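Start at 1 and go down the list; that is how both ligands and their atoms are numbered. It should be emphasised that the depicted structure is a prediction, and the values quoted were computed from it without experimental measurement.
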Amino acid sequence: MRLIERTPTSLSLTWDVSPRPRIQSRTIRYEVMYRKKDGNLDVTTFVVLLLEKNSVQIGDLSPGTAYLFRVQALGSDGSPGGSSMEEQFETSSEGHLPQSNTAVIFGAAVGGAAMLFIVVVVLFLRKRKRNSHTRQGPEDNYFSSSEQLKPLKTYVDPHTYEDPNIAVLKFATEIHPSHITKQKVIGAGEFGEVYRGILKVPGRKEVAVAIKTLKPGYTEKQRQDFLSEASIMGQFSHQNIIRLEGVVTKFKHAMIVTEYMENGALDRYLKDHDGEFSSFQLVGMLRGIAAGMKYLSDMSYVHRDLAARNILVNNSLECKVSDFGLSRVLEDDPEGTYTTSGGKIPIRWTAPEAIAYRKFTSASDVWSFGIVMWEVMAFGERPYWDMSNHEVMKAINEAFRLPAPMDCPRLLLDKLLRSPESLKTIADFDPRVSIRLPSTSGSDGSPFRSVSEWLESIKMSQYSENFTCAGIVTMEQVLQMKNEDIKNIGVRLPGHLKRIAYSILGLKDQTSTLSVFAV
Ligand code: AMP
């Protein structure tokens, strides 16, 4: 990368394009990523730009500040091509005149801005026109003719009500507790147990429901936070959003009653059925989640905690978005899902700008949706495996992205389900990046001394005896094993089989995952 010009608030850069024909013929875009050099990594903001030419002028920078840049070529299908080293450039200090004058670049920038403006205006006018013509369509029925482009129905934050109890009354139906029968505890909610049960309202058919309860000893604030989920859920009506049946607020034990989802939380469900669904079924689940999320963003609701654990599945495999709790405070979070530093954020599911400066938007929900796509295609595998939250943030800031899970179709786009053949092309899969360093060698990088030490490192100690009985007692023997051999010693669960097989592949390769990340 080369510096063409710098001012106190901008840098103009260009970069040479590798003449390698294989990449070049397919390259159409460049991804430029930059950040301030001296930022605390945990709160550093990364900016990523997608460009069609090999130069850029970046504005809005701080004077006299060093920035780190990296550029990556992308093929027409989004596949990565060559990448630059990380390069450092500094803006000039305030009061300095531009240090070189490239009228061409400025001309191009102004021209580019004008073009962008024209494109935005054209798109805006076309969208206006389309909305006014197709208002009856199912996608567009949130728009009124006088308020095109503005959702007619917008989510109302219950906290804007002076008395949150009034919000509950407005958005949720009050149910008499005698109409509810609790049958069995099915989960632990943030505020108390969740039950499966029956709702039988006189004059209506009885229905299976989930009943969220508030544990005794709550404060008025906790009661209001608990019920605020109902105030939010009660405003939504969509096939892929959990439906609120009603609330109990007028009796001692407050309850939230929702439709019952037979298969529970999606992450658990997929882990329990590892390898049992086709790509077609998995993409069907994703499509449902996407439809629910689109509805929420049309309502101007930002979820902030979209993750497979917050999606519920019914017995027709329909997926519905749930968990609209406003309070994300978890006292008991053994998995470290939510970090505790400065608020509670589910790090692995959250967009970098939301982590860095709490900028939660529908766009950051889209990032989380990408992580959910990965979770679904990987049958509930934990995103970024056993990396710590800090390692995840660092890796993301260094441009690492989750690689395609095994058997993931290359083309995961809308309209896929209408052309199922497209799901048959499988994306490149690199087993080395599916298991982290401790799986391929000891945590200090040294080779494993025994089979049991290795099994322990990949959390598969339960198979130690199977290996011994089968006469596999040295790491050399392990390295000779094929998939069939692993099955023969009694490893049948697809998830366990995968974990062991990948780890052996990683051992053979001797390439640590971390160096693969760096590549
Ligand atoms: P939540 O407080 O919403 O995270 O719920 C805790 C757990 O209860 C979930 O992970 C599910 O296992 C279960 N659960 C919650 N709502 C439902 C529902 N509508 N149908 C079935 N299970 C549910």
Practice task
Before giving the answer on side-chain contact (heavy atoms from CB on, under 4.5 Å), spell out for Q224 and N165 the whole-Å C-alpha distance, their side-chain angles and the decisive distance to 0.1 Å.
Solution key: CA-CA 7 Å; Q224 287 177 0; N165 295 310; 4.0 Å; yes
Protein N/O near ligand 1 N/O, under 3.5 Å, which pairs?
unit_1	atom_1	unit_2	atom_2	d
ligand 1	2 (O)	K212	NZ	3.3
ligand 1	3 (O)	K212	NZ	2.6
ligand 1	19 (N)	T258	OG1	3.2
ligand 1	19 (N)	E259	O	2.8
ligand 1	20 (N)	M261	N	2.9

Problem - salt bridge (charged side-chain N to carboxylate O under 4.0 Å, His left out) partners of D274, counting only residues at least two apart - result: K498
Exercise for the section: Would you indicate whether the side-chain heavy atoms of L266 and M285 approach each other to under 4.5 Å? Expected result: yes
Practice task
Check step by step if salt bridge (Lys or Arg N to Asp or Glu O under 4.0 Å) holds for K320 and E259.
Solution key: CA-CA 10 Å; K320 307 201 183 196; E259 67 179 305; 3.1 Å; yes
Problem - D298 bridged to K294 by N-O distance under 4.0 Å - result: yes
Problem - H303-F324 aromatic ring centre distance below 6.0 Å - result: yes
